[in-house]
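Below is one structure; the comments refer to it alone.
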Amino acid sequence: MAPNSQAPVLCIDGPSGSGKGTITQLIATKLGWSILDSGALYRLTAIAALRQNVALDDESSLAAVAAGLDCSFESSKPGEPVRVMLAGEDVTSELRLETTGDNASKVAVLPEVRAALLQRQRDFQQLPGLVADGRDMGTVVFPNSQFKIFLTASAQARAERRFQQLKAQGEDVRIATLLQEIEARDARDMGRKAAPLKAADDAITIDTTEYSIEQVLEKVLLLVNPK
Ligand code: C5P
């Protein structure tokens with residue numbers, strides 16, 4: 001479906017582990033808006049590439065994989081965890097693996113891959129509104145959106161949060177390893193030429209290191225619905 005320019009978009013950008021995913025879920029449920037999990041599209045591109053034996057540095061083939069992604073995000077109720085389907089296969093668990101995130105950040109460096117996913121992301125702009133979670137929502141995908149948030153947190157705090165999440169999912173990981181991976185992924189995401197991770201000039205930056213989820217949610221809600 002073509003995008004609806006009347007639909008408001010709330011962009012939530014920031015590095016891995018800054019709380020974007022959780023805040024996006026909560027705020028979308030609260031507002032009754034839909035969600036664009038743009039990271040999932042890069043993750044799906046990486047998974048589909050592996051299925052099709054495409055190397056993670058073969059830019060033009062990867063762009064074709066990205067353009068041809070046959071995927072859907074299914075949830076029974078708003079706010080419920082979604083099931084992610086790729087060519088009829090449920091890839092929800094594989095999607096969230098650390099290795100998938102790492103592979104996603106490798107394919108995300110490539111401008112042709114980013115270009116191939118651009119319109120698919122813009123098409124998520126539909127009424128009553130969209131919460132868009134990513135790295136370049138406010139800078140590239142929805143530069144005209146009226147609500148832009150950039151969430152950050154120290155690398156240590158993000159590694160600890162990620163550790164708790166992965167432990168809950170039964171993954172066996174060490175904080176020190178996660179910290180190294182987070183720092184490497186930050187460097188790749190911020191250092192790349194195409195749509196590097198950075199706050200839009202008109203974004204409001206919130207450092208969540210010392211805040212609870214509820215406190216962050218309150219701040220974001222105030223932006224969308226000022227009292
Ligand atoms: O947010 P998530 O961890 O799922 O993203 C995985 C990777 O995809 C990120 O590390 C980043 O390299 C890439 N990404 C991106 N632009 C986005 C969303 C994700 O480059 N809008």
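Numbers here are sequence positions counted from 1. Computed from a predicted structure; not experimentally measured.
Judged by distance alone, with hydrogens and angles left aside, the side-chain atoms of Lys167 form no donor-acceptor pair with the main-chain N or O of Val173 at under 3.5 Å. Judged by distance alone, the side chain of Asp13 and the main-chain N or O of Met137 form a donor-acceptor pair under 3.5 Å. Side-chain atoms of Glu74 do not come within 3.5 Å of backbone N or O of Arg83 as any donor-acceptor pair. Under the 3.5 Å distance criterion, the side-chain polar atoms of Gln215 are matched with a main-chain donor or acceptor of Ser212. Looking at Thr92, its side chain does come within 3.5 Å of a backbone N or O of Val84 through a donor-acceptor pair. In this structure, the side chain of Thr24 does not engage the main chain of Asp133 through any donor-acceptor pair within 3.5 Å. Judged by distance alone, with hydrogens and angles left aside, the side-chain atoms of Thr208 form a donor-acceptor pair with the main-chain N or O of Ser18 at under 3.5 Å. Side-chain atoms of Arg158 come within 3.5 Å of backbone atoms of Ser16 as a donor-acceptor pair (strictly under, hydrogens ignored). Put simply, the side chain of Gln126 gets close to the backbone of Asp123: a donor and an acceptor are under 3.5 Å apart. Counting only distance, with no hydrogens or angles, the side chain of Thr100 and the backbone of Arg96 share no donor-acceptor pair below 3.5 Å.
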(Q) Quick one, Asp186 with Arg135, criterion salt bridge (charged side-chain N to carboxylate O under 4.0 Å, His left out). Give me CA distance, side-chain angles, the key distance, then yes/no. (A) CA-CA 11 Å; Asp186 282 359; Arg135 304 288 188 292; over 6 Å; no
(Q) Applying side-chain hydrogen bond (donor to acceptor under 3.5 Å, both in side chains) to Gln165 and Arg162, what does each step give before you reach the verdict? (A) CA-CA 5 Å; Gln165 255 177 7; Arg162 196 75 190 113; 2.3 Å; yes
Q | Worked verdict on Glu160 versus Gln156 for side-chain hydrogen bond (donor to acceptor under 3.5 Å, both in side chains) | A | CA-CA 6 Å; Glu160 276 164 24; Gln156 182 70 35; 3.0 Å; yes
(Q) Pair Val140, Leu118 - check side-chain contact (heavy atoms from CB on, under 4.5 Å), show working. (A) CA-CA 9 Å; Val140 175; Leu118 193 56; 4.2 Å; yes
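Inter-residue side-chain proximity for Cys71 and Arg120 is flagged as met; some heavy-atom pair is nearer than 4.5 Å. Residues Ile27 and Leu10 meet the side-chain proximity criterion, which asks for heavy atoms closer than 4.5 Å. Looking only at side-chain heavy atoms (C-beta outward), Leu41 and Leu36 come within less than 4.5 Å of each other.
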Donor-acceptor pairs are to be reported for all side-chain atoms of residues 107-115 against protein atoms at under 3.5 Å, with residues two or more places apart or in another chain.
| residue | atom | partner | partner atom | Å |
| --- | --- | --- | --- | --- |
| Arg114 | NH1 | Ala108 | O | 2.8 |
| Arg114 | NH2 | Tyr42 | OH | 3.3 |
| Arg114 | NH2 | Asp136 | OD2 | 2.9 |

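Closest heavy-atom contact between Pro143 and Lys148: O-NZ, 2.7 Å.
Applying the 6.0 Å contact sphere to NZ of Lys30 captures no more than 12 heavy atoms from other residues, nucleotides or ligands. Residue-environment remark: OH (Tyr211) stays at or below the threshold of 12 foreign heavy atoms within 6.0 Å.
Counting only residues at least two apart or on different chains, no side-chain hydrogen bond (donor to acceptor under 3.5 Å, both in side chains) pair has a member in residues 172-184. The salt bridge (charged side-chain N to carboxylate O under 4.0 Å, His left out) contacts involving residues 40-52 comprise Arg51-Glu89, Arg51-Glu94, where partners must be two or more places apart or lie in separate chains.
One finds the CZ atom of Arg161 at 8.5 Å from the OG1 atom of Thr22 (value rounded to the nearest 0.5 Å). One finds the CG atom of Leu44 at 9.5 Å from the OG atom of Ser72 (value rounded to the nearest 0.5 Å).
For Arg185 and Asp189, the salt-bridge test fails: no basic side-chain N is under 4.0 Å from an acidic carboxylate O.
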